[in-house]
Structures are given as C-alpha cells and as structure tokens.
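To start, the structure itself, in structure tokens.
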Amino acid sequence: METPFVEGITLDRFLMDTLRDHPGASGTFVNLMQSIALAGKMISARVNRAGLSGLLGGTGETNVQGEFVQKLDVYANETFKKALEHGGHTCMVVSEEEDEPILTPERFHSGKYVVTVDPLDGSSNIDVNATIGTIFGVFRRKTAEGTKATLEDVIRPGQDLVAAGYVIYGSGTILILATEHGVHGFSLDPMVGEFFLSHPHIQTPPTSTTYSLNEAYYHQFPPGTRAYVDRLREPKRGYGTRYIGTLIADFHRNLLKGGIFLYPATAKNPQGKLRLLYEAFPTAYIVERAGGAATNGKQRILDLVPKTLHDRTPLVIGGKAEVEEATALMSAEP
Ligand code: AHG
Ligand code: MN
Ligand code: MN
C-alpha cells in the first residue's frame, strides 16, 4: 500500500532544511513553529478525549465577539498562549478570545514575532464531533526588539504576514503551514507524537464545481452576491455545495480539492461574520501562496488594514478564476 507520508520528514526536519537554504536566517522561526506545533498537539489530544474529560459544553460566558464561550475555546486559548510565552520568540499574541493584546512577560520583549490566533474555530461543532481547528498568523514586529510591543505591530495590512497556517482536528490532525516557501501539510502520527510531511507543495485548483456558503442567508445578501449565487446554481455549471460551519474545515477541503468559500455581508452582519485578523488574513495568505485568491467582494483581503483588533470582513476565498468571477459581480454593489 502506498504510504501517504513523505518518508521520515518531520516538521522539525523540514523547517531546519528550509532554513538551511537561507544562510543568515536565525532559528527563531523554527522555535516559534515548534511552539505552535506543540500547542496543536496538546489541543488535538484534548479534542480527542473531550467527551471523557468533561470538556464539552459551554462555560456560560460570552466573549468579546458576543459569542458563547465553549470550554474547549478556553482550553485552546490558554494552551496556545502558554506555548508561545515559554518560547521567547513572541512579543505579543492577539486572540479572538481576548479583548486586548496579550503581551508576553518583559523577559520576552526581545521576541521578534507577533502571533494572531483563533484558538478554536468552529466552536458550534465541538459538541457534535465535527471538524474544528486552530488558525494562526505571524507578523514580524515593527517596533524595536527589546521594547514592549504596541498595536502598531498588529494593526497593519495582511500583506505584512510572514507565515500563516492552521491545525485541523478531523479524521486525523493536520498542520498546514504557509510561508514564502509555499504551502505544506504535516499529518500528526499520534502514536509517535510527531507531525510528518504528508502534503508537500499544495496548489489549489483554479476552478471547481464546489461552493461553500450558508445559503439560508440568501435573501439577506446584497444583489451582486445573489447574482453570483444564482450563477453557481445554474444547472449547466454542475456545482454542488459543501458547508459544515467551521471555516477552516470548509477552507481545507476547498484548498485540497477545489472550491470557493463565501461568507458575504448579510442584512444582519453587514461586515460579514469572520474576523479579519484571526480568520481572513491567515486563510488569504495561505490561499494566495497556493495559487488561489481572496477578496472581500471588492478588494484583495491582504490589502486591507484592520481598524481594531476584532474587525470583521466579508470573505470570498478559493480558486483564482472563481474568486475573480464573484468579485466582478460583487464589486458592483453599493
Ligand atoms: P468561531 O467558532 O471561531 O467563532 O467561528 C465560527 C465561524 C466559522 O468557523 C464558520 O465559517 C462560521 O462561523 C459559520 O457561521 P454560520 O453559522 O453563520 O454559517
Ligand atoms: Mn473562527
Ligand atoms: Mn474561535
């Protein structure tokens, strides 16, 4: 039987080999990725036994987004923060679950990187055993190393990201990492506790016959968005839908197999629902490096600059040709 693993290449080994091609690069980025991978493994282990360890269900609280907080949201957020705090490479973390930026202790002011995180994407799917994930983005800080990081380090265009990725907890656990070296996937072997390279050089198909959209909101969409959805529904186009309600699960499927994901503006949420820093920027960075595209229906996502930490944005993301077709219709909207 053919093995899905590219023989023996662990995430660590891959990172070392990649950096070896870049003399002068320090090991700090490798350390950062090791910390993120560790958090991913810890969250994966908890997700797998959530029902046994009393981690299903809500905490009874709402977060800064006004959404109900699940116990696993809290666990994932704390785990991610701790993993980064102990590494010494990160000077600031901003999280979907936190009102304010988390500044790592003074001894880590020398950290080079700022990390954005949606610790648990797809919270509403936790209790039904459906796929969930952790999404992250990495900026290199703008302020001087050795000083306290400021909002200037994170309120900036998505274009400034130096890496982004996610860990997806599905039928298996996979870590996807996008950098200037492309997009690569690593599957967790839980028996060994290591991520192994399993999806080298991911490129997303430019067109497809799949769209991912919460179609129940159709009557709330602006006219250009409805016009695009009408086109997708034309029988001659041959499209089908896939939508689980976990952005990163829908995105991952489309990244590998082709497809366009849309969470447009609705009457209820004129800015859409998804968060620019925690969801849209990282997925846009990944898709572009895999040959795809992402817009808010009018502008490229990575050209946007958030006004606040928790800004939302409409998101249209997937194969290049499909995103262009959608954007042509949606950009005519007032
Ligand atoms: P989160 O669990 O981090 O709050 O994100 C949930 C998001 C996203 O993952 C998904 O695409 C979207 O909510 C689904 O929203 P609808 O239920 O409105 O379709
Ligand atoms: Mn999310
Ligand atoms: Mn979340």
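Count residues from 1 along the sequence. Read the numbers this way: they start at 1 and go in the same order the structure lists the ligands and their atoms.
The distance cut-off of 2.8 Å around the Mn ion (ligand 2) captures these protein N, O or S atoms, sorted by chain and number: Asp118 OD2, Asp121 OD1, Glu279 OE2.
Partners of Thr241 according to the side chain to side chain contact (heavy atoms under 4.5 Å, CB included) rule, which considers only residues two or more places apart in sequence or in another chain, are Tyr211, Glu215.
Counting only heavy atoms of the protein, atom 12 (C) of ligand 1 lies nearest to Lys273 NZ, 3.7 Å. Remark: minimum distance from atom 3 (O) of ligand 1 to any protein heavy atom is reached at Asp118 OD2, 3.1 Å. From the protein, the heavy atom lying nearest to atom 10 (C) of ligand 1 is Gly245 O, 3.3 Å. The shortest contact between atom 14 (C) of ligand 1 and any protein heavy atom is with Tyr243 OH, 3.4 Å.
Heavy-atom proximity to Tyr217, at under 4.0 Å, picks out these atoms of ligand 1: 16 (P), 17 (O), 18 (O), 19 (O). Residue Glu67 has at least one heavy-atom neighbour below 4.0 Å for each of these atoms of ligand 1: 4 (O). Against a heavy-atom cut-off of under 4.0 Å, Ser123 is close to the following atoms of ligand 1: 2 (O). Close approach of ligand 1 to Gly122 (heavy-atom distance below 4.0 Å) involves ligand atoms 1 (P), 2 (O), 3 (O), 5 (O), 9 (O). Heavy-atom contacts of Leu274 reach the following atoms of ligand 1: 7 (C), 8 (C) (cutoff under 4.0 Å). Each of the atoms 3 (O), 5 (O) of ligand 1 lies under 4.0 Å from some heavy atom of Glu279.
Between Tyr263 and Tyr217, the angle of the ring planes lies from 30° to 60°, which puts this pair in the tilted group.
For Tyr278 and His310, the gap between ring centers is short of 6.0 Å. Proximity of the aromatic rings of His201 and His184 is defined here by a centroid distance below 6.0 angstrom, and this criterion is met. In summary, the aromatic rings of Phe196 and Phe186 are positioned with their centroids too far apart to meet the 6.0 Å limit.
Ligand 1 has no N or O atom lying under 3.5 Å from any N or O atom of Ser124, backbone or side chain. The shortest N or O to N or O distance between Leu247 and ligand 1 is under 3.5 Å. Remark: ligand 1 and Glu96 share an N or O pair separated by less than 3.5 Å (distance only, no angle test).
Using a 4.5 Å cut-off on side-chain heavy atoms (C-beta onward), Leu247 and Leu315 make contact. Residues Phe251 and Ile317 have side chains in contact (heavy-atom distance under 4.5 Å, counting atoms from C-beta outward).
In this structure, the side chain of Asp153 engages the main chain of Lys142 through a donor-acceptor pair within 3.5 Å.
Between Arg275, Gln70, Glu215, it is Arg275 that holds the heavy atom closest to atom 4 (O) of ligand 1. The heavy atom nearest to atom 9 (O) of ligand 1, considering only Ile126, Asn125, Asp121, is found in Asp121.
Summarising the local packing, CZ of Arg242 is surrounded by 12 or fewer heavy atoms from other residues, nucleotides or ligands at distances under 6.0 Å. A 6.0 Å sphere centred on CG of Asn129 holds no more than 12 heavy atoms belonging to other residues, nucleotides or ligands.
Cation-pi geometry between Arg226 and Tyr228 is not satisfied (NZ or CZ under 6.0 Å from the ring centre, within 45° of the ring normal).
A donor atom on one side chain and an acceptor atom on the other are not found under 3.5 Å apart for Glu322 and Thr207. A side-chain donor from one of Thr308 and Asp311 sits under 3.5 Å from a side-chain acceptor of the other.
Under 4.0 angstrom from ligand 1, the non-hydrogen atoms of Leu120 all belong to its backbone.
Each of Leu175, Ile286, Ile36 was compared with Tyr166 under the side chain to side chain contact (heavy atoms under 4.5 Å, CB included) criterion, and only Ile286 meets it.
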